[in-house]
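These numbers were taken from a predicted model, which means no experiment stands behind them.
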Amino acid sequence: MVNHITAAIRENKKDSILAPVFVCAEVLFEVLIPIVMASLIDKGIDAGNMSEILRLGVILIVMAMCALAFGILSGVAAANASAGLARNLRHDIYYHVQDFSFANIDKFSTAGIVTRLTTDVTNVQNAYQMIIRVAVRSPVMLIFAFIMTIRISPSLSMIYVCAIPLLGIGLGIIISHVHGLFTKVFHTYDELNNVVQENLNGIRVVKSFVREEFEKKKFGAISEKLFRGFLKAERLIILNAPLMQFCVYACLLLISWIGARLVVGSSMTAGELTSMFNYTFQILMSLMMLSMVMVMVIMARSSAERIEEIMEEQSDLTVKPNAIHEVPNGAVDFENVSFSYVGDPNNTSLKNIDLHIKSGETVGILGGTGTSKSTLVQLIPRLYDATVGQVKVGGIDVRDYDLESLRNQVAMVLQKNTLFSGTIKENLRWGNEHASDEEIVRVCKLAQADSFVQEMPKKYDTYIEQGGTNVSGGQKQRLCIARALLKKPKILILDDSTSAVDTKTDALIRQAFREEIPDTTKFIIAQRISSVQDADHIIVLDDGHISGYGTHEELLRDNKIYQEVFASQNKGGEQDD
């Protein structure tokens with residue numbers, strides 16, 4: 001856990017070292033001030049020596065200014081170091097997550113990853129700043145001040161020897177109970193973020209079904225759970241304040257009582273007693289600040305453990321050292337492939353898939369909900385790895401390819417079409433960042449998107465809102481198809497990505513594919529038979545098995561499932577919905 005945190009310090013090592021150095025200098029001046037004050041009282045005020053008062057007064061002012069200057073320097077250095085650490089941690093986590101496979105991402109919720117990048121990193125940042133500043137200041141102040149009290153009065157200093165262990169034991173008990181509570185609280189944070197994210201993403205559905213009250217209750221329940229968790233943890237933490245106050249006032253009373261008797265007996269001067277009071281506050285305030293640091297460290301420890309979970313997670317899609325970078329063609333072979341999301345060969349979503357698709361062929365995939373149609377095509381670009389068997393592209397096992405090279409030759413338009421905030425051009429150039437305006441227009445014409453883009457106020461410079469909320473579902477699908485085509489892939493996968501367009505536009509898109517990209521292997525997952533009936537082959541999936549494989553005519557003759565789907569879609573003209 002510590003290794004990943006310290007590795008994120010990097011260019012901030014200088015500030016991380018300077019902050020404690022400046023703190024030590026600040027503490028040194030603060031510890032010396034009570035001694036000078038004692039001399040000012042005894043040699044200046046009590047003796048009525050004005051010159052001594054002026055001399056020691058100037059020294060006090062200089063020492064106070066030095067303490068202030070070093071305090072400012074330590075604060076600036078600590079802020080730079082902690083902010084830099086947080087920036088690097090966020091960088092490391094985000095970049096690490098980019099290498100995750102779908103299986104790795106499934107393990108952590110989106111809300112959980114966001115919480116780790118925000119709340120957890122902030123907790124570690126605050127704790128780090130406290131550690132390199134306050135956690136250094138408190139023990140140094142404690143040691144220096146205790147040495148000075150021994151120098152003034154060994155007998156009075158024994159009061160601290162009794163108070164410090166009592167305080168330490170009390171704080172230790174509090175800390176041991178609080179850590180587990182904060183761990184639970186941060187998991188509740190994930191749940192809260194998940195509820196908020198789900199609500200905002202589906203706000204249109206919420207409003208259309210008038211489910212605002214239900215969503216409010218759901219949010220209220222998780223918010224209450226978070227409140228209760230924090231309340232329980234903070235009730236324990238707050239106990240350190242009365243414990244601290246008890247020790248402070250007990251020490252002050254004992255020093256006042258014993259010190260007064262020593263002053264009356266001429267064993268101690270009034271100045272020295274005043275210094276003892278100052279050192280009492282310094283010692284006990286150091287302990288109080290140390291307890292605050294411990295609370296921050298407890299919170300940060302829970303956060304650091306959650307960050308560690310992400311950083312220790314390794315992608316299950318490894319790339320071989322001698323990986324192949326060239327994909328020869330778009331031929332796809334499934335050789336006795338089975339797949340399980342949990343990696344269990346006895347609990348598979350796909351079972352014994354055996355397919356051989358030639359480069360340039362068009363393959364339609366039909367099946368009911370939950371028949372693993374999407375899972376099948378996601379094995380081609382290695383979004384997941386087959387649990388059993390081999391998936392080959394261009395005659396080569398996909399696990400032998402360089403992952404980036406493979407995915408650059410496989411373009412996917414998923415069920416959930418995603419557009420990002422930015423212009424239409426910027427979104428399309430996700431497919432090819434160096435694409436010219438002419439290439440963009442060409443692929444949009446193929447995807448039947450150019451006509452509606454030309455009607456927009458700024459055409460291809462029209463701004464797309466986050467999630468593509470200012471375009472219709474059909475327009476979003478066509479833009480996503482154009483983006484995929486811009487990659488000039490050897491394999492194109494359309495995962496039910498023409499469901500929001502009418503049958504005429506769907507037919508025009510398929511015609512453009514046949515005429516313009518004949519050498520690209522095309523996989524089309526669809527619910528409408530009309531979308532796949534002119535494919536070279538059609539796969540019918542049922543419960544993860546291949547129920548049928550052949551042309552439209554062959555399946556219409558031999559496959560019962562295909563016959564039923566065809567009959568239902570052609571009954572009463574429903575095919576043209």
Side-chain angles (χ1 to χ4, degrees), residues 12-47 49-82 128-154 156-157 159-161 163-164 167 244 247-248 251-252 255 259 268-294 296:
N12 303 292
K13 287 180 182 177
K14 180 181 177 182
D15 284 318
S16 298
I17 294 169
L18 286 176
V21 170
F22 290 143
V23 164
C24 291
E26 178 191 9
V27 169
L28 180 62
F29 282 107
E30 287 185 7
V31 170
L32 292 175
I33 284 174
I35 291 294
V36 179
M37 287 180 65
S39 298
L40 178 66
I41 293 170
D42 294 336
K43 298 179 182 179
I45 297 173
D46 287 349
N49 188 338
M50 185 55 68
S51 62
E52 193 69 8
I53 291 173
L54 291 173
R55 185 181 71 83
L56 293 172
V58 170
I59 293 174
L60 277 174
I61 292 171
V62 171
M63 292 176 73
M65 294 301 292
C66 289
L68 176 63
F70 282 116
I72 292 171
L73 290 171
S74 67
V76 171
N80 289 339
S82 60
Y128 185 67
Q129 186 178 85
M130 296 280 275
I131 287 169
I132 62 176
R133 195 178 182 201
V134 181
V136 173
R137 174 188 174 85
S138 296
V140 172
M141 174 73 79
L142 182 68
I143 293 167
F144 283 3
F146 187 63
I147 290 172
M148 298 307 290
T149 60
I150 294 174
R151 178 177 173 275
I152 295 169
S153 174
L156 282 181
S157 66
I159 294 172
Y160 305 121
V161 174
I164 291 172
L167 192 59
M244 186 69 64
C247 292
V248 168
C251 288
L252 285 174
I255 289 172
M268 177 182 283
T269 66
E272 289 174 334
L273 182 59
T274 302
S275 297
M276 288 297 293
F277 284 130
N278 286 327
Y279 287 128
T280 297
F281 278 109
Q282 287 183 348
I283 289 172
L284 297 177
M285 286 303 294
S286 296
L287 289 171
M288 185 175 288
M289 287 190 292
L290 202 55
S291 71
M292 291 171 58
V293 172
M294 295 306 295
M296 289 296 301

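Shortest non-hydrogen contact noted between Val23 and Ile132 is CG2-O, 4.5 Å. When all heavy atoms of Ser16 and Pro20 are compared, the closest pair comes out as O-CD, 2.9 Å. Considering every non-hydrogen atom in both Gln129 and Ser82, the closest pair reads NE2-OG, 3.3 Å.
Residue pairs meeting the salt bridge (charged side-chain N to carboxylate O under 4.0 Å, His left out) criterion with at least one partner in residues 14-23, sequence neighbours excluded, do not occur; the list is empty. The side chain to side chain donor-acceptor pair (under 3.5 Å) contacts involving residues 53-69 comprise Glu52-Arg55, where partners must be two or more places apart or lie in separate chains.
Partners of Ser138 according to the side chain to side chain donor-acceptor pair (under 3.5 Å) rule, which considers only residues two or more places apart in sequence or in another chain, do not exist here.
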Would you tabulate the side-chain donor-acceptor contacts of residues 140-147 under 3.5 Å, counting partners in other chains and residues two or more places apart, or write 'none'?
none

Donor-acceptor pairs under 3.5 angstrom involving side-chain atoms of residues 63-77: please list them, not counting sequence neighbours.
from: Ser74; atom 1: OG; to: Phe70; atom 2: O; distance (Å): 3.3
from: Ser74; atom 1: OG; to: Gly71; atom 2: O; distance (Å): 2.8
from: Ser74; atom 1: OG; to: Arg133; atom 2: NE; distance (Å): 3.2

Exercise answer: donor-acceptor pairs, residues 28-38 side-chain atoms, under 3.5 Å, sequence neighbours excluded:
from: Glu30; atom 1: OE1; to: Arg137; atom 2: NH2; distance (Å): 2.6
from: Glu30; atom 1: OE2; to: Arg137; atom 2: NH1; distance (Å): 3.4
from: Glu30; atom 1: OE2; to: Arg137; atom 2: NH2; distance (Å): 3.2

